Amino acid sequence: TATGFLSTLWALIQFLLMSWSFLLPVFAVVHMLQDWQIPLGRKFKSLKLWFILRMYGADKLRGMVRHHIALGEWFAEQVAADDRFQVAAPVRFGLVCFRLKGAGDAGNKKLLESINATGQLYDKGAKGSAWSAE
């Protein structure tokens with residue numbers, strides 16, 4: 001049937017796309033380990049959570065989450081105490097949105113680049129959000 005042929009053709013195309021190494025010479029084969037992982041569908045996400053719970057336990061996991069929330073609240077207090085900065089949105093869990101007061105988008109972008117240039121911290125800007133407007 002046409003449906004059986006199309007599904008077989010689709011499976012063949014997917015196989016060829018996943019195992020493209022047949023195009024390379026034997027000495028130049030590169031193993032792409034990213035294609036060998038378990039896909040993170042709904043069932044396997046729950047399996048990953050189950051392994052994390054088995055590894056750490058519910059109490060330790062709760063403690064880690066509470067600790068990261070406390071770190072976010074502490075950082076928000078530090079930002080609010082400094083006159084150069086402003087907390088731009090309510091703190092949710094460990095997420096703190098902040099910006100330079102009166103610096104505009106260019107000043108905040110320069111701050112973001114200088115934070116990321118050190119390599120000790122990573123910050124992600126919120127370009128285009130409702131909170132980035134002065």
Side-chain angles (χ1 to χ4, degrees):
T1 64
T3 307
F5 173 75
L6 289 178
S7 63
T8 305
L9 181 63
W10 177 255
L12 179 63
I13 290 171
Q14 291 300 314
F15 173 77
L16 292 176
L17 288 175
M18 289 295 290
S19 62
W20 53 269
S21 60
F22 70 94
L23 295 173
L24 298 174
V26 175
F27 58 86
V29 173
V30 177
H31 295 286
M32 300 296 289
L33 297 179
Q34 67 185 12
D35 296 333
W36 289 50
Q37 68 183 358
I38 297 173
L40 289 178
R42 183 183 302 167
K43 292 179 183 178
F44 288 111
K45 282 183 184 176
S46 61
L47 184 64
K48 184 177 177 181
L49 176 63
W50 184 82
F51 276 114
I52 290 172
L53 283 170
R54 294 282 293 167
M55 184 173 169
Y56 294 111
D59 291 334
K60 188 166 183 177
L61 199 57
R62 274 189 221 104
M64 287 170 40
V65 170
R66 288 183 179 133
H67 176 69
H68 284 103
I69 291 172
L71 283 175
E73 292 169 353
W74 173 83
F75 182 69
E77 291 170 4
Q78 299 300 313
V79 168
D82 194 331
D83 293 334
R84 299 171 294 175
F85 297 101
Q86 165 185 12
V87 177
V91 178
R92 301 281 187 225
F93 297 106
L95 178 66
V96 181
C97 299
F98 67 96
R99 65 180 173 208
L100 284 169
K101 286 184 181 176
D105 286 341
N108 285 308
K109 184 177 180 182
K110 186 176 177 183
L111 173 67
L112 176 68
E113 290 170 354
S114 65
I115 289 173
N116 291 338
T118 63
Q120 295 178 343
L121 295 173
Y122 175 73
D123 194 7
K124 175 152 180 17
K127 183 178 179 184
S129 70
W131 298 102
S132 65
E134 297 271 341

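The residues of the chain are indexed from 1 along the displayed sequence. None of the values given here were measured: they were computed from a predicted structure.
Take L111 and apply the side-chain contact (heavy atoms from CB on, under 4.5 Å) test, not counting sequence neighbours, and it matches F85, F98, L100, S114, I115. With sequence neighbours excluded, the residues that form a side chain to side chain donor-acceptor pair (under 3.5 Å) with R84 are D82.
Heavy-atom minimum distance, K101 versus D83: CD-O, 3.4 Å. Between L112 and D123, the shortest heavy-atom contact is CD1-O, 3.2 Å. When all heavy atoms of A76 and V91 are compared, the closest pair comes out as CB-CG2, 3.5 Å.
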Would you give me the side-chain donor-acceptor pairs under 3.5 Å for residues 49-68, sequence neighbours excluded?
{"unit_1": "D59", "atom_1": "OD1", "unit_2": "R62", "atom_2": "NH1", "d": "2.7"}
{"unit_1": "H68", "atom_1": "ND1", "unit_2": "M64", "atom_2": "O", "d": "2.8"}

